[in-house]
Every structure is written in structure tokens, then in C-alpha cells.
Amino acid sequence: QVQLVESGGGVVQAGGSLRLSCAGSGRPFNIYAMGWFRQVPGKEREFVSAYTWSARSTIYSEYVKGRFTISKDNTKDTVYLQMNNLKPEDTARYYCAALKSRAAVTSILDYDYWGQGTQVTVSS
């Protein structure tokens, strides 16, 4: 069983930065990819970014490309989401998720494990 724990959320002014962390645990920790999603109350959870383990490839939604950067700590099962130039519309609860096997990394339905989320609030 895989457990995911997010941290790093908070309140920041527009234009500011935050770095989210997602620490994975559980053995064996054999996964295909880890992704970040976000959700605002009353709206569907949406894809933000994903990192594919073997290919070390990254993908971003059009709303965050150029501002957010996803990366992985190669010494541990932790993924980061560096968020720069934050906008009020980035306010949401951010969730980390993990895929056990090859699938569409942008599809919320394909992910097998989810964290509890961390709140990001951007004030104008």
C-alpha cells in the first residue's frame, strides 16, 4: 500500500511563490508516475502537472505552464511542485496522486493513490 502526504501549502500574495512536497511511503514503492491535481469547492478536480518515473518526463496544464515546475528527489520518493508567479485563480486544495502502472497521467480516473491535500490560497 502506498501512502502520500502533501505539505507546503499556505497563504501567499499574488506574484509570490510556494513549494509543495509530496512524500511517498510504503513498500514496494513501484509506481509509474506521480501527479498534482487541484480542486476548488463546487468544481471538478483538475490536472496540474505530472512526473513520469522511468522517462523522467514532465507535463503541465496550460494554466500553469511556465509558472510551475515539477521535480523529483532522486534520493527518496518525493515529488515537488514549485509554484511561481502565483495568481488568485491558483487558489485551491492541491492533491498529490500516484499511478501504479502506465496510463494517461492527465486523467484523474487512472490514479491509484491519493493524498489528503494541502490548501493554497493566493490573495490579490
Side-chain angles (χ1 to χ4, degrees):
Q1 185 71 11
V2 170
Q3 294 85 41
L4 304 174
V5 179
E6 303 97 332
S7 61
V11 180
V12 65
Q13 288 190 330
S17 299
L18 284 173
R19 189 176 82 154
L20 305 183
S21 299
C22 175
S25 63
R27 288 292 180 265
F29 197 79
N30 296 322
I31 64 169
Y32 172 72
M34 286 178 72
W36 288 96
F37 292 77
R38 64 187 184 186
Q39 187 170 24
V40 175
K43 293 189 177 182
E44 291 187 355
R45 194 170 296 188
E46 67 175 19
F47 171 78
V48 175
S49 181
Y51 184 100
T52 305
W53 244 233
S54 59
R56 300 185 182 180
S57 62
T58 60
I59 185 171
Y60 300 92
S61 80
E62 61 180 290
Y63 304 110
V64 306
K65 189 177 294 184
R67 299 187 296 122
F68 291 11
T69 302
I70 191 170
S71 62
K72 178 185 179 294
D73 187 326
N74 289 324
T75 65
K76 48 189 175 183
D77 298 322
T78 299
V79 168
Y80 303 98
L81 186 67
Q82 177 67 42
M83 306 185 297
N84 297 329
N85 190 22
L86 283 160
K87 305 176 181 180
E89 49 264 44
D90 294 317
T91 294
R93 190 164 186 85
Y94 284 70
Y95 295 88
C96 175
L99 269 170
K100 287 193 299 186
S101 55
R102 187 183 181 92
V105 298
T106 60
S107 172
I108 187 174
L109 297 177
D110 287 339
Y111 280 79
D112 303 288
Y113 306 105
W114 290 87
Q116 294 300 307
T118 184
Q119 179 67 33
V120 171
T121 302
V122 185
S123 61
S124 57

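For the numbers below, each heavy atom of this structure counts, side chains included, while hydrogens, waters and symmetry mates do not.
When atom types are taken as modelled, the side chain of D90 and the backbone of K87 share a donor-acceptor pair closer than 3.5 angstrom. Side chain of D112 to backbone of K100: a donor-acceptor contact under 3.5 angstrom is found.
A heavy-atom distance below 4.5 Å is not found between the side chains of V40 and T91. Inter-residue side-chain proximity for T52 and Y32 is flagged as met; some heavy-atom pair is nearer than 4.5 Å. The shortest side-chain heavy-atom distance between W114 and R45 falls under the 4.5 Å cut-off.
Rounded to the nearest 0.5 Å, atoms CH2 (W36) and CG (L20) are 4.5 Å apart. Rounding to the nearest 0.5 Å gives a distance of 9.5 Å between CG of L81 and CZ of R38. Within the model, atoms OH of Y113 and CG of L99 stand 10.5 Å from one another, a figure rounded to the nearest 0.5 Å. The line from OG1 of T58 to NZ of K72 is 14.0 Å long, rounded to the nearest 0.5 Å.
Figure legend: cation-pi geometry between R56 and Y51 absent, as NZ or CZ is not positioned both under 6.0 Å from the six-membered ring centre and within 45° of its axis.
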Step-by-step side-chain contact (heavy atoms from CB on, under 4.5 Å) determination, Y94 to M83: CA-CA 12 Å; Y94 284 70; M83 306 185 297; 4.0 Å; yes

Test F68 against L18 for side-chain contact (heavy atoms from CB on, under 4.5 Å), laying out the working first. CA-CA 10 Å; F68 291 11; L18 284 173; over 6 Å; no

Checking side-chain contact (heavy atoms from CB on, under 4.5 Å) for the pair E44/E46: CA distance, chi angles, key distance, verdict? CA-CA 6 Å; E44 291 187 355; E46 67 175 19; over 6 Å; no

How far apart are the C-alpha atoms of V48 and Y63, what are their side-chain angles, what is the distance that settles it, and do they pass the side-chain contact (heavy atoms from CB on, under 4.5 Å) test? CA-CA 8 Å; V48 175; Y63 304 110; over 6 Å; no

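Criterion: ILVMFWY side-chain heavy atoms under 4.5 Å apart, direct or through other members. Under it, W53 and I70 are part of a common hydrophobic cluster. L109 and M34 fall into different hydrophobic clusters, where Ile, Leu, Val, Met, Phe, Trp and Tyr side chains are chained together by heavy-atom contacts under 4.5 Å. Residues V79 and I31 are members of one and the same hydrophobic cluster, defined by side-chain heavy-atom contacts under 4.5 angstrom among Ile, Leu, Val, Met, Phe, Trp and Tyr. At a threshold of 4.5 Å between side-chain heavy atoms, the hydrophobic network of Ile, Leu, Val, Met, Phe, Trp and Tyr places Y60 and L86 in one connected group.
Between F37 and Y95, the distance separating the two ring centers is not shorter than 6.0 angstrom.
Taking each heavy atom of G16 and V12 in turn, the nearest pair found is CA-CG2, 3.8 Å. The shortest non-hydrogen separation linking V105 to A33 is CG1-CB, 3.9 Å.
Within the structure, the side-chain hydrogen bond (donor to acceptor under 3.5 Å, both in side chains) test picks out the following pairs touching residues 5-23 (sequence neighbours left out): S17-N84.
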Show the atom names and distances, to 0.1 Å, of all donor-acceptor pairs under 3.5 Å that link a side chain in residues 115-124 to residues at least two apart or in another chain.
from : atom 1 : to  : atom 2 : distance (Å)
T118 : OG1    : G9  : N      : 3.1
Q119 : NE2    : A92 : O      : 3.4

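With T75 as the partner, the side chain to side chain donor-acceptor pair (under 3.5 Å) test is satisfied by one option alone out of T78, D73, D77: D73.
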